[in-house]
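Structure record follows, encoded as structure tokens.
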Amino acid sequence: MKRVTAALCLCALALGLLGGCSGSSGETAYVESVSLITGTGSVGLADRYAGKVVAGQTAEVERDTEKTILETYVEEGDTVQAGDLLFSYDMEAMQLSLDKLYLEKESYENTITAAESEISELETQKAKASSSDQLSYTLQISSKEADVREAEYNIALKEREIAAMEADMENTEITAPIAGRVMSIAEEGSSDSYYSDSSAGTTYITIMDVTTLRVEGNINEMNAYALTEGMAVTIRSRVDESQTWSGTITSIDWENPVTNDNDSYYYIYSDDMTTSSKYPFYIELADTEGLLLGQHVYIEPSTGDGGSGSGLMLPSYYITGGAENAYVWAANDKDKLEKRSVTLGAYDADTDCYEILSGLDGSDYIAFPDDSLSEGMTVEKYDEDSFSDDEVVVSVG
């Protein structure tokens with residue numbers, strides 16, 4: 001599928017640079033497999049992605065490393081409800097820190113009082129001093145005024161620290177944000193967690209919602225167009241392929257590429273994409289009966305729409321004639337080119353594709369439209385077997 005798409009992209013580029021991308025040569029029109037163009041595969045099966053059943057939600061509860069934990073009330077494996085007490089901070093240690101801040105603030109206040117007293121005395125002496133001594137007194141007064149400004153600045157800092165500490169002391173008990181199972185508790189002084197991806201280094205307790213399951217897969221940047229949020233997918237058991245579940249892609253995390261390219265996730269038909277980035281996507285399941293946490297499954301984009309149409313999503317640049325009189329250039333059963341009327345369904349702006357409700361299916365072959373095409377031309381078919389592993393075909397008129 002990626003080789004055909006590469007050919008289309010290069011063809012479109014050539015169209016802009018060289019003035020045209022022809023789907024024909026002389027009296028021969030080159031047509032491509034609809035199954036490959038739409039991603040339903042050369043054998044009628046949707047492209048498969050490896051997936052894994054994961055928890056519906058994971059919460060990483062952080063701790064303040066500046067505080068001392070008084071007591072932890074849960075253990076690994078415990079089941080908790082949202083709002084249950086997890087751990088508490090040592091109030092006595094926090095109170096000592098708060099008292100220290102008040103003393104530091106008081107010290108700066110005393111510095112200001114002393115400096116202001118000295119300034120007053122220096123001004124009195126300056127008034128009685130000779131003109132030759134005036135500069136000396138002026139410099140001493142400026143130095144004391146600088147001490148006052150510095151102390152005032154430090155007092156403002158301490159007041160902010162005190163306010164923050166007093167707010168923290170109102171939240172010394174940390175509760176569970178979600179219901180689930182306690183999967184890990186970091187050792188005191190450590191934030192390492194098998195379940196944590198946090199780079200901040202402050203995760204203390206990890207809670208996983210094991211009652212709600214979803215499926216996680218990876219998508220390669222080279223075939224990013226193949227999946228979109230909101231797309232219906234089929235989940236298939238690796239052990240028994242007749243066992244399936246339906247779901248919907250709820251999110252594709254383009255902001256966080258997968259860092260570990262392990263064998264748990266891979267794109268089945270993309271063995272030459274190993275150097276490109278992969279991104280996680282998540283599927284909400286309509287039914288989870290029979291699925292187990294950690295189970296490995298296959299993910300397939302749904303190719304049907306419940307019997308109302310073919311479910312094919314065809315790129316708009318293959319379609320001519322507008323929405324009301326839409327047609328494609330297709331090969332007929334005599335391997336001749338014809339205008340084939342198609343009925344359009346929903347339009348996906350993210351992928352620039354139309355749903356084909358009738359007139360075309362995955363077994364058909366169509367041509368990239370241009371002015372050189374005409375009905376009755378002999379067709380030459382290109383499908384997955386037409387390309388070597390490293391070949392890209394571009395037809396430029």
Side-chain angles (χ1 to χ4, degrees), residues 49-65 67 69 71-89 171 173-220 227 229-231 233 235 237-238 245-266 277-299:
Y49 302 79
K52 185 178 181 180
V53 180
V54 297
Q57 187 178 6
T58 299
E60 295 177 353
V61 182
E62 298 183 348
R63 58 157 297 185
D64 188 338
T65 55
K67 301 176 184 177
I69 292 179
E71 186 174 357
T72 301
Y73 304 100
V74 294
E75 297 179 352
E76 290 185 4
D78 285 355
T79 299
V80 296
Q81 300 298 319
D84 284 356
L85 185 61
L86 298 178
F87 63 94
S88 61
Y89 292 114
N171 299 291
E173 295 184 337
I174 308 303
T175 59
I178 64 170
R181 181 180 300 165
V182 177
M183 305 304 294
S184 67
I185 302 176
E187 295 182 3
E188 189 73 20
S190 168
S191 61
D192 295 335
S193 171
Y194 176 82
Y195 298 92
S196 173
D197 293 325
S198 174
S199 59
T202 57
T203 299
Y204 182 52
I205 294 178
T206 302
I207 301 172
M208 185 178 292
D209 175 10
V210 295
T211 60
T212 304
L213 302 179
R214 60 179 178 170
V215 173
E216 177 183 357
N218 286 340
I219 186 170
N220 192 285
L227 299 180
E229 293 183 6
M231 176 183 286
V233 294
I235 309 302
S237 169
R238 288 195 182 189
W245 298 262
S246 60
T248 304
I249 297 176
T250 56
S251 64
I252 303 176
D253 191 354
W254 299 114
E255 301 298 324
N256 296 293
V258 177
T259 55
N260 294 324
D261 191 13
N262 55 55
D263 59 4
S264 295
Y265 300 104
Y266 58 94
S277 298
K278 297 179 180 180
Y279 301 87
F281 64 91
Y282 298 94
I283 298 166
E284 181 180 324
L285 298 164
D287 178 27
T288 61
E289 185 176 356
L291 285 173
L292 301 174
L293 185 64
Q295 179 179 345
H296 291 269
V297 294
Y298 291 126
I299 304 167

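- When the side-chain hydrogen bond (donor to acceptor under 3.5 Å, both in side chains) test is applied to Ser251, no partner is found at least two apart in sequence or on another chain.
- In this structure, Phe281 and Val215 have side chains that are not in contact, with every pair of non-hydrogen atoms separated by 4.5 Å or more.
- Qualifying side-chain contact (heavy atoms from CB on, under 4.5 Å) partners for Thr248, counting only residues two or more places apart in sequence or in other chains: none.
- Tyr89 has its side chain within reach of Asp64: a pair of non-hydrogen atoms, C-beta onward, lies under 4.5 Å apart.
- The shortest distance between side-chain heavy atoms of Val74 and Asp84 does not fall below 4.5 Å.
- Looking at every heavy atom in both residues, Trp254 comes nearest to Ile219 through CH2-CG2, 4.0 Å.
- Residues Leu213 and Val54 form no side-chain contact, since every pair of their non-hydrogen atoms from C-beta on lies 4.5 Å or further apart.
- In this structure a side-chain-to-backbone donor-acceptor pair under 3.5 Å is present from Trp245 to Glu289.
- Of all heavy-atom pairs between Leu85 and Ile174, the closest is CD1-O, 3.6 Å.
- Under the 4.5 Å side-chain criterion, counting only non-hydrogen atoms from C-beta, Ser246 is not in contact with Ile235.
- Nearest heavy atoms, Pro177 versus Ala82: O-CB, 4.0 Å.
- For the atom pair CG of Leu285 and CD1 of Ile283, the computed distance is 7.0 Å after rounding to the nearest 0.5 Å.
- Residues passing the side-chain contact (heavy atoms from CB on, under 4.5 Å) test with Thr250 are Tyr282, Glu284, sequence neighbours excluded.
- Counting heavy atoms from C-beta on, the side chains of Val182 and Thr206 never come closer than 4.5 Å.
- In this structure, the separation between OG1 on Thr211 and CD1 on Ile178 is 9.0 Å, given to the nearest 0.5 Å.
- What you find for Val258 and Pro280 is that their closest heavy atoms are CG2-CD, 3.9 Å.
- The backbone N or O of Ile205 lies less than 3.5 Å from no partner atom in the side chain of Glu60, so there is not a single donor-acceptor pair.
- Looking at heavy atoms from C-beta onward, Ile249 lies in side-chain contact with Val233 at the 4.5 angstrom threshold.
- Shown here are the side-chain contact (heavy atoms from CB on, under 4.5 Å) partners of Glu255, two or more places apart in sequence or in another chain: Asp253.
- For the atom pair CG of Asp78 and CZ of Arg181, the computed distance is 10.5 Å after rounding to the nearest 0.5 Å.
- Counting heavy-atom neighbours within 6.0 Å of Glu173 CD, excluding the residue itself, gives a total of 12 or less.
- Not one N or O on the side chain of Glu216 forms a donor-acceptor pair closer than 3.5 Å with the backbone of Val53.
- Residues passing the side-chain hydrogen bond (donor to acceptor under 3.5 Å, both in side chains) test with Ser237, sequence neighbours excluded: none.
- With values rounded to the nearest 0.5 angstrom, Ile299 atom CD1 is found 8.0 Å from Leu227 atom CG.
- Between Thr72 and Ile69, the shortest heavy-atom distance links the atoms OG1-CG2, 3.9 Å.
- Under the side chain to side chain contact (heavy atoms under 4.5 Å, CB included) rule, Lys52 has a single partner from His296, Gln295, Arg214, which is His296.
- Partners of Ala176 according to the side-chain contact (heavy atoms from CB on, under 4.5 Å) rule, which considers only residues two or more places apart in sequence or in another chain, are Val80, Leu86, Ile207.
- Asp209 has its side chain out of reach of Thr58: every pair of non-hydrogen atoms, C-beta onward, lies at least 4.5 Å apart.
- The CD1 atom of Ile185 sits 5.5 Å away from the CD atom of Glu76 when rounded to the nearest 0.5 Å.
- Dense packing is recorded around CD of Glu71, with more than 12 heavy atoms of other residues, nucleotides or ligands lying under 6.0 Å away.
- Between Phe87 and Tyr204, the distance from one ring center to the other falls under 6.0 angstrom.
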